[in-house]
Amino acid sequence: MNGNALLESGASDVFAIFRRRSCWIGLGTGILTLFVGVTFFLSSSIENSVLQRGFASKQAGSKDSFCHHSMWGYGCQRVDEMRRIFDSVKTELSTAAEKLDEANRELEAVTKEIPNKQQELQDIERRIEEARRVLKEVNDKHNVRVFLPREPLWPVEKSEGAFGEERKIRRGLSLDEDFDFGRCSITTGFRFFLYDAHSDHLLHQELSVHPNRLKDAKKVCLLVAFVSKGHRPSDLQFWKKDGRNHLLIALGTENVDFQKAIVLGDEMIHSRSPFHISAFLDVPGFDKMNDWQRYVPLLPHNRKVLLAYKGNLTLPELEDLRKSAGNSGDAVDFSPEADLKNAVFTLILPMNSSSFQRNIYEALLVGSIPVILDSDAVLPFDDLIDWRLISMKISKWRFSELHFILRTVPLNDILEMRRMGRIFLENYLGNAQVLSRTLISAIRWRLGLPSDSLKLQEAIPLFNGSFQAPQIAMEPKPRMEDEFLGPIEAPSDSPMFLHNFTSMSLYSYDLWNKNPYAVHSTMPYLANNVLMPSGVEFHEDTNTGFRPISPGSGKEFSEALGGNRPKEQFTIVMVTHNRDSVLSASLERLRDLPYLNKVIVVWNNVDRDPPSSWPRIHVPIEFIRAKTNSLNNRFIPYDRIQTEAILSMDDDIDLRKDEIIANFRVWREERQRIVGFPARYQARFGENIFYNSNHTCQYSMILTGAAFIHQSYLDAYTNHMQAIIRSKVDEWMNCEDIAMNFLVSHLYRKPPIKVTSKWTLRCPTCTETLSNDESHFTERHNCIRFFTEVYGYDPLLFTQSRTDSVLFKTRLPPDHQKCFKYV
């Protein structure tokens, strides 16, 4: 084969190869490299041959062009043609090389995109699986049908019982037989009507503004009236035959037939019946800002008298008690002038029923523990309130041993009983407002009726209905994290009001005696709801909502929440003011954060609207307009919060995603506590308490600029905590985090939990930070001192431990992975 034919054949092969480059890029690259070398070798040989012949022609005296017709003829034309072909091939080769480079760049881009697409596919598969689980959970829910109460199942006086036994003729009154449940439907809620008489009484004034009051007596469950001496209950407009469904507040009545009405008075101390309630009624009104000043501080415990009784006491065993106390160096004071403020215990005798409730009230008011010398005495609301937490009941037959009994009570028990006594006064018995609410709530609980739901504050959205980022970002960025922390799921709200009825049974004791803020309204979530056994997640009939962790180490751990609770998500709440760029950066860092339900931004700039351009992440971002520029806005129970878990974050906080997820997992196991990162404590130097942020081996506070808290604490902070504390937060523009730590420690008597070794959180790029003010620490010193004065004691508790992930710093085999790489 001559050079021309070979060149044409080679060019044809090259063109064919490049026409198929889309399928054979790898093979074409190698062939192209080989062919380019061969082509240039052949072209070089041909060109050299042509040049040599041309040089010989010149030496022969040719006067024409390089290709002289007389000398070359047809051969010269062939050479020119081969040169054109050669130039064409070189051009084609150059174009092909450029296309090959472009194809290689496209291939490289596609290769880089493959992991992202694989991750997106996995996310889609997870969302599909999540949708299947949610569908199963929806199908598993029972559709409970509710009916209005019907007629009693048996006549009032006598009938066959449910178990074939003859019901005895009743003695006394009972709710089932003497109260009309037909007026008290679960679907209509608990409502009461208030008669106008005695409208000047403080209790009447408070009941008149109670949210459950209706003015139409035909639409209520209960009718409330005040009665006094000379007033006959049967004269009431809606009394009818026997006064069913009436609550009579007796103001000094005597020898009155109340028939089938419920009666609240202060003299029925031996009548244990759902129709009789005994309590001290002559309580003062509620002073929103100064009510706390009526109570005696818990410390110092400088009481000189062990036992006191205010009045004349003549008991045979009294002298023996005096001698026993004197031999031990203990003082007792039984006289009309006895000062109960100096007494650790106050003796209460039930003989005089007219002053029995007053004596208990006065003892609690001055922080003295009531010692009731009657085992059968009925105390206010004692079917709900555990009086064993704040008083001691002793049989009158043990009076001679009373000194020995009281002498054995340790100091920590004395202080706790005094603390609980103040809590009962502040929330149930101490003033007209709390007493009226306790009365209504107690009857409602006895009837088994949930209250109206907690009144969440309606959020005022910005951006014409709130700015909401799409659930999936329009232009997802490549994942830069080298650690998988959990699936990116669609927002899933926490189920609300699951414990409407069990709150009146299973959780009743804890609510009334440990969390009084949650008694008067049905809470959407309970911080102390019980755990399920570990085995429920492995059975079809009980595994609804659970996401168990498969056997393994870190990889399996990151794919599911596990634990003994169903899956859940959390809401991030941020308060911002004049830091738009800082806020934007913080929002951007939340992209693809697992288990995030939504982000709520409380816009404290009341004088301007936010810009309309913000980062779009995988969950909604909702902007809420604040009414005032207040740090208290951080803890408002907005109706847009639809999860139990809340991550309270400052807008300048830079947290890693693995730190947030580790924090969330810890909080799921300790829901009653504040769980977070930056730890602080209070320290005493001399006579004063100081706020301290130095590194230390114990702490008592977690700053809420980066901490998980339970949703129910927002209601407690905003609607129940002493109003003077919120007022001071606004006055100093500081200390809302300290106030929340005081509140939670006061309620549950547990210290917070610090997660990871991170001690402090800073934002060097932030130009406007409250903590940069020189007065910042001075104000925080004053906050701790003032809050301690309001509570009557310092509720903060120290802890000397922190929480890290299980396999942190553990050496693992090569085929295992830690829970978190860096936490």
Side-chain angles (χ1 to χ4, degrees), residues 175 179-181 183-199 201-217 219-227 236 238 243-251 258 261-266 268 273-283 285-286 357 379-385 424-455 500-501 503-505 508 511-513 515-523 715 719-720:
L175 283 176
F179 194 90
D180 183 7
F181 281 82
R183 299 179 61 116
C184 308
S185 169
I186 293 173
T187 57
T188 58
F190 183 79
R191 299 290 184 269
F192 70 88
F193 170 81
L194 180 64
Y195 288 92
D196 293 334
H198 294 279
S199 59
H201 196 279
L202 291 176
L203 275 178
H204 193 287
Q205 294 175 11
E206 291 293 342
L207 288 171
S208 65
V209 296
H210 195 286
N212 286 21
R213 180 200 175 194
L214 283 185
K215 294 184 178 181
D216 188 349
K219 298 180 180 180
V220 300
C221 171
L222 189 71
L223 300 100
V224 182
F226 285 73
V227 294
L236 295 172
F238 304 104
R244 284 176 183 253
N245 293 59
H246 272 71
L247 167 64
L248 303 181
I249 300 177
L251 305 175
F258 298 117
I262 300 172
V263 182
L264 169 67
D266 56 8
M268 293 167 289
S273 165
F275 283 75
H276 294 157
I277 304 173
S278 182
F280 179 60
L281 303 183
D282 193 18
V283 291
F286 174 64
Q357 300 294 349
L379 299 175
F381 310 105
D382 61 359
D383 57 330
L384 298 168
I385 298 175
F424 280 15
L425 278 181
E426 289 179 324
N427 294 280
Y428 300 132
L429 307 168
N431 58 68
Q433 183 184 83
V434 297
L435 180 58
S436 64
R437 292 179 179 179
T438 303
L439 174 62
I440 297 301
S441 295
I443 296 176
R444 177 176 59 79
W445 282 57
R446 290 176 180 179
L447 298 178
L449 289 173
S451 174
D452 296 341
S453 62
L454 176 68
K455 300 298 184 184
N500 287 2
F501 293 94
S503 63
M504 294 181 288
S505 54
S508 176
L511 291 178
W512 279 88
N513 297 286
N515 190 5
Y517 299 155
V519 166
H520 304 308
S521 298
T522 299
M523 304 297 292
D715 171 63
N719 299 321
H720 299 281

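Scope of the values below: all heavy atoms of this structure, side chains included, with no hydrogens, waters or symmetry mates. Numbering of residues begins at 1 and proceeds along the displayed sequence.
Qualifying salt bridge (Lys or Arg N to Asp or Glu O under 4.0 Å) partners for Glu426, counting only residues two or more places apart in sequence or in other chains: Arg422. Not a single side chain to side chain donor-acceptor pair (under 3.5 Å) links Asp282 to another residue, sequence neighbours left out. With sequence neighbours excluded, the residues that form a side chain to side chain donor-acceptor pair (under 3.5 Å) with Tyr195 are His246. Asp452 is linked by a salt bridge (Lys or Arg N to Asp or Glu O under 4.0 Å) to Arg191, counting only residues two or more places apart in sequence or in another chain. Under the salt bridge (Lys or Arg N to Asp or Glu O under 4.0 Å) criterion, Arg437 pairs with no residue, sequence neighbours left out. Remark: Asp715 engages Asn719, His720 in a side chain to side chain donor-acceptor pair (under 3.5 Å) (not counting sequence neighbours).
Side-chain contact between Leu384 and Ser508 is present, with heavy atoms from C-beta onward closer than 4.5 Å. The closest side-chain heavy-atom distance from Pro380 to Phe280 is not below 4.5 Å. Side-chain contact check for Ile186 versus Phe501: some heavy-atom pair is nearer than 4.5 Å. In this structure the side chain of Asn245 reaches within 4.5 angstrom of the side chain of Cys184, judged on heavy atoms. Two residues are said to be in side-chain contact when any heavy atoms from C-beta on lie closer than 4.5 Å; Trp445 and Trp512 meet this criterion. Within the 4.5 Å cutoff, the side chain of Leu449 has no heavy atoms near those of the Phe181 side chain. In this structure, Val263 and Val227 have side chains that are not in contact, with every pair of non-hydrogen atoms separated by 4.5 Å or more. Using a 4.5 Å heavy-atom cutoff, the side chains of Leu429 and Val283 are not in contact.
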**Request:** Output, in order, the C-alpha distance, side-chain angles, deciding distance and verdict of side-chain contact (heavy atoms from CB on, under 4.5 Å) for Phe286 and Leu202.
**Result:** CA-CA 9 Å; Phe286 174 64; Leu202 291 176; over 6 Å; no

**Request:** Test side-chain contact (heavy atoms from CB on, under 4.5 Å) on Phe258 and Phe275 and set out the steps.
**Result:** CA-CA 10 Å; Phe258 298 117; Phe275 283 75; over 6 Å; no

**Request:** Go through the steps for Thr438 and His520 under the test side-chain contact (heavy atoms from CB on, under 4.5 Å), then give the verdict.
**Result:** CA-CA 7 Å; Thr438 303; His520 304 308; 4.0 Å; yes

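Atom CG of Leu247 is separated from atom CG of Leu223 by 9.5 Å, given to the nearest 0.5 angstrom. Atom CG of Leu194 and atom CZ of Arg213 lie 5.0 Å apart (nearest 0.5 Å). The CZ atom of Arg446 sits 14.0 Å away from the CE atom of Met504 when rounded to the nearest 0.5 Å.
In summary, of the residues considered (Leu248, Val224, Leu439), a side-chain contact (heavy atoms from CB on, under 4.5 Å) with Leu264 occurs for Leu439 alone. Considering Asn212, Ile249, Leu435 in turn, Ile249 is the only one that fulfils the side-chain contact (heavy atoms from CB on, under 4.5 Å) rule with Leu207.
With ring centers used as reference points, Phe190 lies 6.0 Å or more from Phe192. Ring centroids of Phe238 and Phe193 are separated by less than 6.0 Å, placing the two rings close together.
No side-chain donor-acceptor contact under 3.5 Å links Ser436 to the backbone of Leu203. The closest donor-acceptor contact from the side chain of Ser503 to the backbone of Asn500 lies under 3.5 Å. Proximity of a side-chain donor or acceptor of Asp266 to a complementary backbone N or O of Leu281 within less than 3.5 Å is not detected. Between the side chain of Ser208 and the main chain of Gln205, a donor-acceptor pair closer than 3.5 Å is present.
Below 30°, between 30° and 60°, or above 60°: for Phe226 and His201 the angle between ring planes is between 30° and 60°, a tilted geometry.
Annotation for Arg444 and Pro450: closest pair NH1-C, 3.5 Å, computed over non-hydrogen atoms. For the pair Ser521 and Ser451, the tightest heavy-atom approach, listed with the atom from each and the gap, is CA-OG, 3.8 Å. Across all non-hydrogen atoms, the minimal contact from Arg183 to Val220 is NE-O, 3.1 Å. Of all the heavy atoms in Cys221 and Leu447, the pair that sits closest is SG-CD1, 3.8 Å. Here the shortest heavy-atom pairing between Phe179 and Leu222 reads CE1-CD1, 4.2 Å.
In summary, the side chains of His204 and Ser199 do not present any donor paired with an acceptor at a separation below 3.5 Å, with no hydrogens or angles considered.
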